[in-house]
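Just so you know, these numbers use all the heavy atoms, side chains as well, and skip hydrogens, waters and symmetry mates.
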Amino acid sequence: MFNTINSIFLDFDGTITKFDTVNTFFKTFASKEWINIEQDWIDGRINSKTCMRMQLNLIKNLTEEKLFNFLNSVQLQDGFIEFCKFAEENNKNVTIISDGFDFFIDYILKKENLNNIRFYSNHLEILKENNILNFKLTFPNNSKTCTSGLGCCKCLVRKSSATKDEKFIYAGDGLSDRCIASKANLLFAKNSLKNHCIKNGIDFVEFNDFYDILNRLFLKKGIKNAGFKTENAYRR
């Protein structure tokens, strides 16, 4: 089954990283109104583009030193580096699709010497004036037809990165993963994505870290406490 699939797409924040980098960034540096804006997005009152722009506007007096101290504190999920190595050895294409910030992703991957991983995200331009940072957010991977209202339409990126009928694997953990998750031939899910799959009858395999995914795909050891309809999680 797995030998017929060459494309693996991954969410970044909270999936590849141990915590949601963007949410933690706002929690650390934005005024407390950021959480109300986040809830408006979760409840569908605004889209993610409006949400993130509004939240960025709440960040005041952030210095470059504080930003990079924060980014240096971000840790990759256990097993991710090993997973990337096995994927490369087995000629699998790993692509990150994130509704987060390219500046963050690029910095964190380079910090871990993972420069060769292709990724798609929203573009965050950082401007400095009198040692204080300002932000400009644009959406090079946006789609007017994105049913999830994302800044980076994950389904659009997946279609443009693969042949029309190519099978693919996906791993994610949150709200921005719901649409593409329903189209994956093999889905790994946790956190709120897992709950969404259970509620909507979407087959998935539960994972905690990338050792779980690595064992399932490459080492054939299976996963303890695997999720909903695990045995039938592969969709043709």
Side-chain angles (χ1 to χ4, degrees), residues 8-42 48 51-56 58-59 62-84 94-114 117 119-124 126 133 135 137 148 150-152 154 170-178 180-181 187-197 204-214 223 225 227:
I8 304 173
F9 295 95
L10 306 172
D11 173 53
F12 187 76
D13 295 300
T15 298
I16 291 175
T17 57
K18 287 192 174 183
F19 56 81
D20 189 312
T21 313
V22 173
N23 278 3
T24 305
F25 174 69
F26 289 132
K27 182 179 180 180
T28 304
F29 299 113
S31 58
K32 62 182 181 180
E33 288 82 5
W34 81 271
I35 193 66
N36 298 324
I37 297 171
E38 185 78 7
Q39 193 62 50
D40 283 342
W41 174 58
I42 293 171
S48 74
C51 176
M52 288 184 287
R53 279 176 167 162
M54 291 176 67
Q55 289 171 323
L56 284 169
L58 297 175
I59 296 177
L62 178 61
T63 63
E64 193 172 49
E65 180 182 10
K66 289 181 179 179
L67 172 63
F68 286 112
N69 283 342
F70 169 76
L71 292 177
N72 286 326
S73 74
V74 177
Q75 294 181 327
L76 298 182
Q77 189 59 257
D78 295 340
F80 181 67
I81 293 176
E82 293 88 341
F83 168 83
C84 291
V94 175
T95 303
I96 296 169
I97 315 179
S98 169
D99 201 35
F101 304 145
D102 59 354
F103 187 95
F104 289 12
I105 298 170
D106 183 62
Y107 184 88
I108 293 165
L109 291 179
K110 286 180 177 176
K111 177 168 67 82
E112 301 292 343
N113 296 315
L114 296 171
I117 300 179
F119 71 87
Y120 298 85
S121 188
N122 304 310
H123 177 57
L124 183 67
I126 299 180
L133 304 183
F135 305 95
L137 186 62
S148 298
L150 303 179
C152 177
K154 297 190 175 187
Y170 189 80
D173 78 311
L175 182 58
S176 68
D177 303 308
R178 291 183 178 183
I180 191 171
L187 172 65
F188 293 89
K190 62 178 180 177
N191 299 338
S192 68
L193 180 62
K194 167 191 167 182
N195 296 334
H196 169 78
C197 290
F204 74 98
V205 175
E206 184 178 4
F207 75 103
N208 294 308
D209 58 30
F210 274 85
Y211 286 120
D212 289 339
I213 300 177
L214 179 63
I223 302 175
N225 302 319

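For the pair D99 and K154, the salt-bridge criterion is not met [side-chain N within less than 4.0 Å of a carboxylate O].
Looking at every heavy atom in both residues, Q77 comes nearest to D209 through OE1-CB, 3.5 Å. For the pair S192 and G174, the tightest heavy-atom approach, listed with the atom from each and the gap, is OG-CA, 3.3 Å. The heavy-atom pair separating T15 from A171 by the smallest distance is CG2-O, 3.8 Å. Nearest heavy-atom pair across I213 and F188 is CG1-CD2, 3.7 Å. Nearest heavy-atom pair, A189 versus C197, reported as atom, atom and distance to 0.1 Å: CB-SG, 4.4 Å. Taking all atoms of both residues into account, the shortest heavy-atom contact from N72 to K111 is OD1-CD, 3.4 Å.
The side chain to side chain contact (heavy atoms under 4.5 Å, CB included) test with S176 singles out one residue from L193, I97, D11, and that residue is D11. Of the candidates L56, L133, L67, L62, F29 forms a side chain to side chain contact (heavy atoms under 4.5 Å, CB included) with just one, namely L62.
A donor-acceptor pair under 3.5 Å is formed between the side chain of S121 and the backbone N or O of G100. The backbone N or O of G14 sits less than 3.5 Å from a side-chain atom of T17, completing a donor-acceptor pair. Formation of a donor-acceptor pair under 3.5 Å by the N122 side chain with backbone atoms of F101 is not found in this model. Under a 3.5 Å cut-off, the side chain of R53 and the backbone N or O of L137 do form a donor-acceptor pair. Although no hydrogens or angles enter the test, the distance criterion places a donor-acceptor pair under 3.5 Å between the side chain of D177 and the main chain of D173.
In this structure, F26 has no ring-ring contact (aromatic ring centres under 6.0 Å, His included) partners at least two apart in sequence or on a different chain. Contacts of F210 classified as ring-ring contact (aromatic ring centres under 6.0 Å, His included), with partners at least two apart in sequence or in another chain: F80, F83.
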### Task
Go through the steps to decide whether F103 and L71 satisfy the test side-chain contact (heavy atoms from CB on, under 4.5 Å), and finish with yes or no.
CA-CA 10 Å; F103 187 95; L71 292 177; 4.0 Å; yes
### Task
Determine, step by step, whether D13 and N23 satisfy the side-chain contact (heavy atoms from CB on, under 4.5 Å) criterion, reporting the C-alpha distance in whole Å, the side-chain angles of both residues, the deciding distance to 0.1 Å, and the verdict.
CA-CA 9 Å; D13 295 300; N23 278 3; over 6 Å; no
### Task
Determine, stepwise, if the pair L109 / I96 fulfils side-chain contact (heavy atoms from CB on, under 4.5 Å).
CA-CA 11 Å; L109 291 179; I96 296 169; 4.0 Å; yes
### Task
Would you sort out whether D40 and C51 count as a side-chain contact (heavy atoms from CB on, under 4.5 Å), showing the intermediate values?
CA-CA 8 Å; D40 283 342; C51 176; over 6 Å; no
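L187 CG to I180 CD1: the interatomic distance, rounded to the nearest 0.5 Å, is 10.0 Å. Interatomic distance, CE of M54 versus CH2 of W41, reported as 14.5 Å (0.5 Å rounding). Distance check: I16 CD1 to C84 SG gives 7.0 Å after rounding to the nearest 0.5 Å. To the nearest 0.5 Å, atom CG of residue N36 and atom CD of residue Q55 are 10.0 Å apart.
Looking at heavy atoms from C-beta onward, L58 lies in side-chain contact with I37 at the 4.5 angstrom threshold. Side-chain contact between N69 and E65 is present, with at least one heavy-atom pair separated by less than 4.5 Å. Using a 4.5 Å heavy-atom cutoff, the side chains of D106 and F119 are in contact. Within the 4.5 Å cutoff, no side-chain heavy atoms of L10 are placed close to those of I117.
Every pair passing salt bridge (Lys or Arg N to Asp or Glu O under 4.0 Å) that includes a residue from residues 14-39 is listed here, sequence neighbours excluded: K18-D78.
Between F25 and F135, the ring-plane angle classifies as perpendicular under the 30° and 60° cut-offs.
Note: F104 and F12 fail the aromatic proximity criterion, with ring centroids not under 6.0 Å apart.
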